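Every chain is numbered from 1, with letters handed out A, B, ... down the list of sequences. Treat the numbers as computed from the prediction; the structure is a model and nothing was measured. Side chains are part of it too, since the values below use all heavy atoms of this structure and drop only hydrogens, waters and symmetry mates.
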Amino acid sequence: MYSEKVMDHFMNPRNVGEIEDADGVGQVGNPKCGDIMKIYLKIEDGIIVDVKFKTFGCGSAIASSSMATELIKGKSIEEAVKLTNKAVAEALDGLPPVKMHCSVLAEQAIKAALLDYAKKNNVTIEGLEDFNPDEDPHEH
Amino acid sequence: MERYVYMDYAATTPVKKEVLEEMMPYFTEKYGNPSSIYRIGRESRAAIDEARERVAKIIEAKPKEIYFTSGGSESDNWAIKGVAFANRDKGNHIITSKIEHHAVLHACEYLEKHGFEVTYLDVDEYGIVDLEQLKNAITDKTILITIMFANNEIGTIQPIQEIGKIAREKGVYFHTDAVQAIGNVEIDVNKLNIDLLSMSAHKFYGPKGVGVLYIREGVKIHPYIHGGAQEKNRRAGTENVAGIVGLAKALELAYENLEEHNKKLVYLRDKLIKEVTNKIDYVRVNGHPEKRLPGNVNFSIEFVEGEALLLSLDMMGIAASSGSACTSGSLDPSHVLLAIGLPHEIAHGSLRFTLGDFNTEEDVDYVVESLVKIVERLREMSPLYENVKEGK
Amino acid sequence: MERYVYMDYAATTPVKKEVLEEMMPYFTEKYGNPSSIYRIGRESRAAIDEARERVAKIIEAKPKEIYFTSGGSESDNWAIKGVAFANRDKGNHIITSKIEHHAVLHACEYLEKHGFEVTYLDVDEYGIVDLEQLKNAITDKTILITIMFANNEIGTIQPIQEIGKIAREKGVYFHTDAVQAIGNVEIDVNKLNIDLLSMSAHKFYGPKGVGVLYIREGVKIHPYIHGGAQEKNRRAGTENVAGIVGLAKALELAYENLEEHNKKLVYLRDKLIKEVTNKIDYVRVNGHPEKRLPGNVNFSIEFVEGEALLLSLDMMGIAASSGSACTSGSLDPSHVLLAIGLPHEIAHGSLRFTLGDFNTEEDVDYVVESLVKIVERLREMSPLYENVKEGK
Ligand SMILES: Cc1ncc(COP(=O)(O)O)c(C=O)c1O
Ligand SMILES: Cc1ncc(COP(=O)(O)O)c(C=O)c1O
Ligand code: FES
Ligand code: FES
């Protein structure tokens, strides 16, 4: 069902936890639907120097969070905004079709955290204009 | 993998050695078609007839009331649609419950599209149907009550005798999906006033793809699979002789030492419940405390999600199941867990262990030990648990 | 009994050794439910997926167009009723032939009771459907043509490609009951424009109780057995994993050396036909001289009755079958023999031998020798034969 990569990231998730003095925090999902993803960002000079996550969700949701954090760590804000759920899924060597929405959640959580950062610092981030963190990413 | 603990006996069971042995000749030497009149055909016919008698004896039915099918789903579909269409002149109303297996629920939904009306009874927090609601739901258009004997997720056993009595008094047919109950509970179709009953062999150490529909003599029902004259013209298709023989043998074995078997399962079940609830906080046990299948344990483990639990257990060589929607990638968690009133987020953390003949006390110890570690790890990742710890 | 000659391979076949071997692990060790996400569940799922690919390859279909069922009868019922109810908005007319298997005919009759109209095409003396009649029968209400690939009694093979072409041109779905053809004839569902196709494993050295319905992508069809999400939500019920694996293996074996197999069968078949017609007078061969299944022989032996022939053959260790009504205790002889124009009294003396992989030349010699004696004995008792001898 899941690729080895998914299972690896599920069993040994990278960057689990929280950042006490995070520059941006984003939470998406809804416990009712069985998944919540929370992302913490530490940003210095437009670069994501640290990232942590917490996830309540299935194996695919946990693996997606882990992979997504790996993919944006050390990257610029501009690069992080462009991260798509497809890229997350591809980096995991694919997800079953019914589980694609779990990777959407990862994309959304990062965007939500970036938006939080932008608001706190009164900056605008290109590519986040139309983003609404409360939109339900589920296409179950 | 050093250790493998299978605790999903409600999903399916291995075929027992003795069962397979009885089946074997019917694949190769005794392969005759039971409809053929020559020797090896007659031998197959005799094997089926004997199996029919063996099954009938267990549930106190007559052999001619036993019909072999391809499994529990076919039996449920046949019972419900077959009775519905055959009794349409009498009425178009069917009563069932909200916690039936999908084979029953989807058959009922199909009938709703074809002019039938279906009442879905509520259940209480333990999963027991409301007998008053049942009585009140019956009208002069009611032709069938179909309520499962025991639930596959939470193991709750229904008051079948009372339901049978109500149905009989009102002159309404009573079908029960006994797929989970058979092999675990004594069933006497006469005492319980059951008119139709479904079983599936692979739930009681028989092969997959073979089942039974018991149809009380005199019940008006249409055939469901039309064709040849097999099963007294009621279920067409060359009989799965090996499967039928296996079903009968497996059923016999199940009732040979039912009491002992159940005592062992109840002991292991209660031990598992006690230790898990002792060692893990925020856990609740779903289903009825006493009126439940001997091998069924259903937990809701808060702040973690079912699929994540299952995958982690699998990595440790433990096979279990969950009512979380995430297992199937669908939005709503198990309709059974919602029907007993669990909130969505708690239903998502549900975990079912179903114990069976090959489980040992060491298995239970291993499961408890593993589960404690897994829940700890997953909760560390969970934003919900964090909130609780922080008293939010 | 010293000698046992089985010549009823069209009724059923033994499971081949290699097939049983592949099935065995799925009863005991690899018993996981294919819907379960843990290791042994995924292994069962993988076994089914692989079987689906193996089956698809043989008939040039896509794996996702292969659905596993409980046998030929279920496949026929599902195809016909499933397409009928799903396309009712388009029309209510179905075309079939007079010589279909009962699984098709009775499914059609059931539909006639539910508002559908069915045209039953005639066949010629060889059992071949009339293509002109088919074309003329199609109206804008026609939603399905269901015509069998090869007949189970007389072995006649229909002009499937032409039928497929007509159906495709008119935009009507085409189902074929290939239960007898598969394993004996090359079938490419694309070349032949087949939209739905039924098979049953026990006709090609696989186990009883498992079959396939091929459903071309895009065909509108309702599920028939409702319930769980198995078979992409189209056929509920825990999968008969061992049976499915056996079906795939048996099908592969059948096509591994089809040519050689058929050459042998045709040789034995033609020898049997030649010797019986040489040695016994007043015998006719039913079915088409060339367009027939390689192993099928169907005689009408005048002045004797089918059941008497079968019982006598059985006493000599020979397993065969008959289209006589007396075999089943019903009044009318086989609808197939009547449809090809046999008078009742001749249809009553019909005798079918169907040869298979384990038959030898000695078997044929023994059957001929025995049949000569039997017919002589029965005719001596027959008042009809007496008349003939005396030239009346
Ligand atoms: C042509 C044909 N169709 C359908 C069937 C039904 O198959 P089964 O008996 O496996 O259900 C048979 C055999 O009995 C057959 O010969
Ligand atoms: C209560 C209940 N009914 C019906 C079924 C369907 O049985 P089968 O999968 O053998 O068709 C099952 C098991 O899947 C079940 O647990
Ligand atoms: S979190 Fe529900 S399916 Fe992934
Ligand atoms: S002669 Fe006895 S049934 Fe026909």
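- Once rounded to the nearest 0.5 Å, the distance linking NE2 of B:H114 with NE2 of C:H114 reads 8.5 Å.
- Within the model, atoms OG1 of C:T12 and CD of B:E239 stand 10.0 Å from one another, a figure rounded to the nearest 0.5 Å.
- Contact tally against chain B (heavy-atom pairs below 4.5 Å) for C:P207, C:G211, C:A11, C:G32: the top residue is C:A11.
- Heavy atoms of B:I225 lying under 4.5 Å from chain C belong to its backbone as well as its side chain.
- Ranked by heavy-atom pairs under 4.5 Å with chain B, the first of C:G243, C:S321, C:A320, C:S35 is C:A320.
- Proximity to chain B (any heavy atom under 4.5 Å) is shown, for C:N240, by both the backbone and the side chain.
- Between atom CG of residue C:N33 and atom NZ of residue B:K203 there is a gap of 6.0 Å, rounded to the nearest 0.5 Å.
- Taking CG of C:L310 as the reference point, atom OG of B:S36 lies at 9.0 Å (rounded to 0.5 Å).
- If you take CZ on C:R235 and OG on B:S70, they are separated by 4.0 Å, rounding to the nearest 0.5 Å.
- Taking the six-membered ring where the residue is Trp, B:H226 and C:Y110 present tilted rings, their angle falling between 30° and 60°.
- For C:A242, no part sits under 4.5 Å from any heavy atom of chain B, backbone or side chain.
- Of the listed residues C:H222, C:H102, C:K16, the one with more heavy-atom pairs under 4.5 angstrom with chain B than any other is C:H102.
- When heavy atoms are compared at a cutoff of 4.5 Å, B:Q230 does not approach chain C at all.
- Once rounded to the nearest 0.5 Å, the distance linking CE of B:M315 with CZ of C:R39 reads 11.5 Å.
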C:M24 and B:M24: CA distance, side-chain angles, deciding distance, side chain to side chain contact (heavy atoms under 4.5 Å, CB included) verdict: CA-CA 10 Å; C:M24 291 305 285; B:M24 289 306 284; 3.7 Å; yes

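- Between B:Y6 and C:Y31, the ring planes lie perpendicular to each other; the angle is over 60°, past the 30° to 60° tilted range.
- Heavy-atom distances place no part of C:A229 under 4.5 Å from chain B, backbone and side chain included.
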